There are 2 protein chains.
Amino acid sequence: MRRDIFQAIADPTRRAIIALIALQPMTPNALSQEFDITRQAVSKHLQLLVECEVATPHQQGREIFYRLEIDKMKEIDHWLEQFRKNWERRYNQLDELLNTLNTNKNEQ
Amino acid sequence: MRRDIFQAIADPTRRAIIALIALQPMTPNALSQEFDITRQAVSKHLQLLVECEVATPHQQGREIFYRLEIDKMKEIDHWLEQFRKNWERRYNQLDELLNTLNTNKNEQ
DNA sequence: TATGTTTGCAACCGATTAGTTGCCAATCAA
DNA sequence: TTGATTGGCAACTAATCGGTTGCAAACATA
């Protein structure tokens, strides 16, 4: 069984879950209301995310909030590093800074 | 059938293939010598990469060189963008500047 | 032309995946 | 204490995945 971050983000539902809990920790119940699948299906995705150490459960009464382990996302970023020099010129920090300032006043 | 870049990088062999053809275009035969699987298995990975538009075949005589479409890797980078502000020092620079420009709400 | 090389395609196989339903334990609220 | 809510676990299923073998087409070369 491969259990790594790349497996974790392979599924579109899982990517959506990751994006949601990046904003705030959420319960399986709350999460399942965002999708057309059962709570149990969402739970299985969460279970996999926990195995991959992408999310961690935090119990609060009878609810369990799943929180994103943001550091895990860095592993993807790190893997991308080897390709970045092949495409990025704007990875120059100053370029990035100026570009963002010129085209984006609002965060997202 | 999900055919996207995230599916493409889910498999470790495929990630290795991507890393290899990032250095130079390679043939299925040459690639298969780098792994403990058959040429046909490598070919199937290449086929999927082509479907995902991560690699493109370039015939040269009876050989077919597979070349990495580096731009596709940017899609991963773009998806990561939403998380990056949560972790990156070099983006904190930007955050700090934006906060200052926005009459600042809160530091850090 | 005959032969070997390179590759794609098809059929097949076992394991995994993403989903379902059913059930039970724990917690909260009346 | 009773009943509803929340969520994990188990069993099952259809589809997909990653691999195999076998074969035929296209090309290169003797």
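On a predicted model such as this, the values are computed, not experimentally measured, just so you know. First the proteins, then the strands, lettered A, B, ... as listed; each starts at 1.
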Give every pair of a protein N or O atom and an N or O atom of nucleotides 23-25 of chain C that lie under 3.5 Å apart, one pair per line with the distance.
none

Distances for protein N or O near nucleotides 1-3 of chain C N or O, under 3.5 Å:
none

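By the 4.5 Å heavy-atom criterion applied to side chains, B:Thr38 and B:Ser32 are not counted as neighbours.
When the side-chain nitrogen and oxygen atoms of A:Thr38 are compared with OP1 and OP2 of C:dT20, one or more of them lie within a distance under 4.0 Å. Residue A:Tyr66 places at least one side-chain N or O under 4.0 Å from the OP1 or OP2 atom of D:dG8. Using a 4.0 Å cut-off, some side-chain N or O of A:Ser43 falls inside it from OP1 or OP2 of D:dG8. Distances shorter than 4.0 Å separate none of the side-chain N or O atoms of A:His45 from OP1 or OP2 on C:dT17.
Evaluation of the salt bridge (Lys or Arg N to Asp or Glu O under 4.0 Å) rule for B:Lys72 yields B:Glu53, B:Glu75 as partners, not counting sequence neighbours.
Heavy-atom distances under 4.0 Å link DNA chain C to B:Arg62, B:Glu63, B:Ile64 of residues 57-64 of chain B, given in residue order. Interface residues of residues 13-35 of chain A facing DNA chain D, ordered by number: A:Thr27, A:Pro28, A:Asn29; criterion, heavy-atom separation under 4.0 Å.
In this structure, CG of A:Asp11 is placed 5 Å from P of C:dA18, rounded to the nearest angstrom. Atom CD1 of B:Ile37 and atom P of D:dT20 are 6 Å apart (whole Å). In this structure, B:Glu51 atom CD and D:dT16 atom P are separated by 12 Å, rounded to whole Å. Atom CG in A:Leu49 sits roughly 12 Å away from atom P in D:dG8 (whole-Å rounding). Counting to the nearest Å, the P atom of C:dA18 and the CZ atom of B:Phe6 are 15 Å from each other. One atom, CZ of B:Arg3, and another, P of D:dA15, lie 16 Å apart when rounded to the nearest Å. The interatomic distance linking B:Lys44 (NZ) with D:dG19 (P) rounds to 9 Å, in whole Å. As rounded to whole Å, 14 Å separates atom P of D:dG19 from atom CD of B:Gln47.
Once rounded to the nearest 0.5 Å, the distance linking CD1 of A:Ile5 with NZ of A:Lys74 reads 13.0 Å. Distance check: A:Leu80 CG to A:His78 NE2 gives 10.5 Å after rounding to the nearest 0.5 Å. Rounding to the nearest 0.5 Å gives a distance of 9.5 Å between CG of B:Asp11 and CG of B:Leu49.
Residue pairs satisfying the salt bridge (charged side-chain N to carboxylate O under 4.0 Å, His left out) criterion with at least one member in residues 24-36 of chain A, sequence neighbours excluded, are absent. The ring pair (Phe, Tyr, Trp, His ring centres under 6.0 Å) pairs that include a residue from residues 5-33 of chain A are A:Phe6-A:Trp79, where partners are two or more places apart or lie in different chains.
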Sequence neighbours excluded and cut-off under 3.5 Å, please list the side-chain donor-acceptor pairs for residues 13-27 of chain A, or say none.
| residue | atom | partner | partner atom | Å |
| --- | --- | --- | --- | --- |
| A:Arg14 | NE | A:Ala8 | O | 3.0 |
| A:Arg14 | NH1 | A:His45 | ND1 | 3.1 |
| A:Arg14 | NH2 | A:Gln7 | O | 3.0 |
| A:Arg15 | NH1 | A:Ile9 | O | 2.7 |
| A:Arg15 | NH1 | A:Ala10 | O | 3.2 |
| A:Arg15 | NH2 | B:Asp4 | OD2 | 3.4 |
| A:Thr27 | OG1 | A:Ala30 | N | 3.1 |

Ignoring hydrogens and angles, write down the donor-acceptor pairs under 3.5 Å from the side chains of residues 63-70 of chain A, residues two or more places apart or on other chains.
| residue | atom | partner | partner atom | Å |
| --- | --- | --- | --- | --- |
| A:Arg67 | NE | A:His58 | NE2 | 3.3 |
| A:Arg67 | NH2 | A:His58 | ND1 | 3.3 |
| A:Arg67 | NH2 | A:His58 | NE2 | 2.9 |
| A:Glu69 | OE2 | A:Thr56 | OG1 | 2.8 |

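Taking every heavy atom of both residues into account, A:Glu81 and A:Arg84 meet most closely at OE1-NH1, 2.9 Å.
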Where do B:Asp77 and A:Asp77 land on the side-chain contact (heavy atoms from CB on, under 4.5 Å) test, with the steps shown first?
-> CA-CA 7 Å; B:Asp77 199 57; A:Asp77 199 56; 4.2 Å; yes

Show the numbers, then the answer: is there a side-chain contact (heavy atoms from CB on, under 4.5 Å) between B:Val42 and B:Leu46?
-> CA-CA 6 Å; B:Val42 170; B:Leu46 285 171; 4.1 Å; yes

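Around atom CD of B:Gln60, no more than 12 heavy atoms belonging to other residues, nucleotides or ligands sit under 6.0 Å away.
The terminal axes of the helix from C:dT1-D:dA30 to C:dA30-D:dT1, fitted over 5 pairs per end, subtend an angle of 20° to the nearest 10°.
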